[in-house]
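Structure first, then comments.
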Amino acid sequence: MSSEVVFNLEYLTRLEESARTLESTPQQRSEMMFKAQREVDAYLEQLSLDHPTGWVIPPKETQGQDKLVQPGQYQVQSGPNQVQSGPDRVQSGPYQAQSGPDQVQSGPDWVQSAPDQAQSGPDRVQSGPDQVQSGPDQVQSGPDQVQSGPDQVQSGRGPHETEPLPIQENGVSIDEVLRDFSRIGNEMEREGHPGHMAYVPGNSTAPAAIGDFLAASFNPYSLNVASCRRAVKMQQMIVQWVGRLFGYPSACAGNLTSGGTVATMVAMTTARDHKVPRSKDYSRSVLYLSELTHDGVAKCLSTLGMREAVVRKVPVDDKYRMDVNILRKFIENDVQNNLLPFLVVATTGTTDVGSVDPVPAIRAVATQYNMWLHVDACYGGFFVLCNSAKHLFEGVETADSIAVDPHKGLYAPFGTGLVLVRNGTLLRNSNTRQHGNYMQDQLTNPEDWNPEDLTFEQSAHFRAPRVLLPLQLYGVATFRDALQEKLELAKYLYLRLKGQAHIQVVEPVLSTVLFRIPGVSDNTNRALLREITTDGRFFITTTTVKGVLYLRVIIFCYRTHRQDVDVFINKVKDAVVKMELPEVEFCHAG
Ligand SMILES: Cc1ncc(COP(=O)(O)O)c(C=O)c1O
């Protein structure tokens, strides 16, 4: 018996020695930090136009490649109708067969189809350019299809030679770990690169990284005041500050989330609980989006247990804004057919175009039909800081909920969204729970609005420092100026491209610019994208809006400045010259 105890003590001593490796000394810590910093510096140096963006450029189209139009054919295809995305196009696009005004008028047939749709889940959206564009062209454009070859090398993304360093029983040196980790810098799309003008690029700042380091080091449980009141206060301060930016009353409540989609999900949960309290009504509940609403919104329905709810995609007008007249017709039709309109989502900054839905008009319709209005401000939201864009957010203060993404407009690292609910009590009601017995000694006060009662999350990352430290250190003005610069650069790019022969360009509302060569095939426009991006210094994508393919440029990275945009403009000019397009007069869109 006693020998067993001695054995166990020896064993424990060994375990203790092993576990002590987790407690690195100050000297070891600074050495690790120093080495990690060196790797970070080496990576950050690559974030300039002297280096590629890391995007793997799609292969040349195997079919219809560089199908530059014949002289004559060009003139036949181009012209004002095609350039302006007006009603003509609405009546002719394939999507319209599924979602346009005709559909509203089709009355009984269309409405009768609702029960069928009810069985098919959120996929059952009514329209969308995606569906229109499912041809072989698109299939060819994904990076996955990239064949190896010189293009891949040029694009800057290195070869994927090895698996990450394996997880082993015994640890290895910090040098080995960092050497392995730093390969990631060559194997990624460099999100903070000034030429990364695709998706909504993520950027991160040094103070945000330090904020994360501090958060992870102190590691408070930040969702309950009993664990760390100050951590909760930091989070609440951010939430209330963002609420004030949009004109929300102090009775609003919210939370930092892992991203915009989760912020949307928390908001939609509150909308569901408030507007559709009985699950038996889920299958007749209707969610209204525009055809440009981010795809993450409809996806939330299944997480909410509302997979069978009906989704209506409302067409957009010639400014790419939700058409409120059609929204109203959709709703009237649904009400007549005993469906339950419960939620409409307006977007202030669509991902594809940067267009802003008419929130006051949508609010009026939502109020009339007792619906919840959610505003998706994930991309555009922080442009509210800019004097020239403030007016675009009129009416947002009347929304029932808002989702924004500090990991977009506040240059926080990925993993930082924010949800706001105008009437905070509704958010709280939606998330209150019976605490586990192991929590029974925890002192709680109903006055304390613990973040864990305002979301479904519990042990979450302490996200506040990554937002707060940069704001405190730089001040709000720095962020305002950086965002205003992006708006100005988008305008500048628009005006410069507008003066460019062969290019049709859509006037930006925020920092996204769409352009194309009108009157030629999609493949020819894809060839233009290849020409522009072939050295990997710029990463842009195409998008399809109202059935028309455009090259899409989003100016969002804080490192992107006028000289970078000038290089981009020259690339467009050179590409057009190289493509030897025939001279033609045409109108500009937007
Ligand atoms: C308008 C809009 N809404 C929602 C999202 C989704 O946000 P997240 O990727 O943070 O979940 C995005 C992302 O680009 C967006 O642009």
Side-chain angles (χ1 to χ4, degrees), residues 122 128-130 189 191 196-204 208 242 246 254-269 287 289-304 313-314 316 320-322 343-357 359 362 373-384 389 392-393 396 399 401-420 455-457 460-461 463 466-467 483 486 490 508-514 539-541 543 545 552-557:
D130 288 347
E189 287 165 11
E191 292 272 346
H196 193 304
M197 299 172 168
Y199 317 136
V200 181
N203 292 241
S204 182
V242 175
F246 290 105
N255 235 321
L256 287 169
T257 64
S258 65
T261 306
V262 171
T264 303
M265 202 179 80
V266 173
M268 284 172 67
T269 308
L287 162 67
L289 312 172
S290 96
E291 59 182 301
L292 291 178
T293 305
H294 193 270
D295 53 19
V297 176
K299 182 174 141 185
C300 290
L301 277 181
S302 54
T303 319
L304 295 187
K313 283 207 166 184
V314 180
V316 292
Y320 308 102
R321 303 169 300 198
M322 182 186 281
L343 171 61
V344 56
V345 176
T347 307
T348 52
T350 57
T351 321
D352 287 274
V353 188
S355 50
V356 173
D357 287 333
V359 177
I362 296 172
L373 168 61
H374 174 70
V375 167
D376 178 348
C378 286
Y379 156 43
F382 287 104
F383 285 115
V384 76
L392 297 170
F393 298 88
V396 174
S401 55
I402 308 171
V404 277
D405 256 346
H407 69 202
K408 294 186 171 74
L410 286 184
Y411 303 126
F414 281 136
T416 328
L418 196 151
V419 59
L420 283 162
T455 179
F456 63 89
E457 281 190 271
H461 176 67
R463 300 177 178 117
R466 48 163 60 186
V467 179
L483 290 167
K486 306 312 152 210
V509 179
L510 294 173
S511 69
T512 304
V513 179
L514 303 186
F539 173 19
I540 62 169
T541 63
T543 188
V545 188
R552 172 182 178 273
V553 181
I554 177 166
I555 302 181
F556 208 60
C557 174

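We count ligands from 1, going down the list as the structure has it; atoms in each ligand are counted the same way.
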Notebook entry, point to check: Can you tell which part of Val200 has a heavy atom less than 4.0 Å from ligand 1: side chain, backbone, both or neither?
Noted result: side chain

Checklist line | Heavy-atom nearest neighbour in the protein, as seen from atom 16 (O) of ligand 1, with distance rounded to 0.1 Å | finding: Thr351 OG1, 2.8 Å

Check: Any idea which heavy atoms bring Cys378 and Gly260 closest together, and the distance?
Finding: SG-CA, 3.5 Å

Check: Please state which protein non-hydrogen atom is closest to atom 14 (O) of ligand 1 and give its distance, to 0.1 Å?
Finding: Lys408 CE, 3.1 Å

Item checked: Atoms in ligand 1 flagged as close to Gly349, the criterion being non-hydrogen separation under 4.0 Å -> 1 (C)

Margin query: Is the shortest side-chain heavy-atom distance between Tyr379 and Asp352 below 4.5 Å?
Written below: no

Note to self: Checking a contact table here: which protein heavy atom is nearest atom 3 (N) of ligand 1, and how many Å away?
What the structure shows: Asp376 OD2, 2.7 Å

Notebook entry, point to check: Is Val266 close to Asn255 at the side-chain level, that is, under 4.5 Å between some pair of heavy atoms?
Noted result: no

Note to self: So that I know where these two stand, are Phe393 and Phe383 an aromatic pair - ring centroids less than 6.0 Å apart?
What the structure shows: no

Notebook entry, point to check: Just by distance, with hydrogens left out, do Ser290 and Tyr320 show a side-chain donor and acceptor under 3.5 Å apart?
Noted result: no

Next item on the list: Measure the distance from atom 11 (O) of ligand 1 to every protein heavy atom, then report the residue, atom name and distance (to 0.1 Å) of the closest one.
Entry: Thr261 OG1, 2.6 Å

Item checked: For Asp405, the ligand 1 atoms whose distance to one of its heavy atoms is below 4.0 Å -> 7 (O), 8 (P), 10 (O)

Next item on the list: Compare all side-chain heavy atoms of Val375 with those of Phe246 and state whether any distance is below 4.5 angstrom.
Entry: no

Checklist line | His407, any N or O under 3.5 Å of ligand 1 N or O | finding: yes

Checklist line | Top protein contact for atom 8 (P) of ligand 1, by heavy-atom distance | finding: Gly260 N, 3.4 Å

Note to self: So if I count the atoms of ligand 1 from 1 in the order they appear, which ones are less than 4.0 Å from some heavy atom of Gly259?
What the structure shows: 10 (O)

Next item on the list: Side-chain contact test, heavy atoms from C-beta onward, threshold under 4.5 Å: evaluate it for Phe382 versus Lys408 and give yes or no.
Entry: no

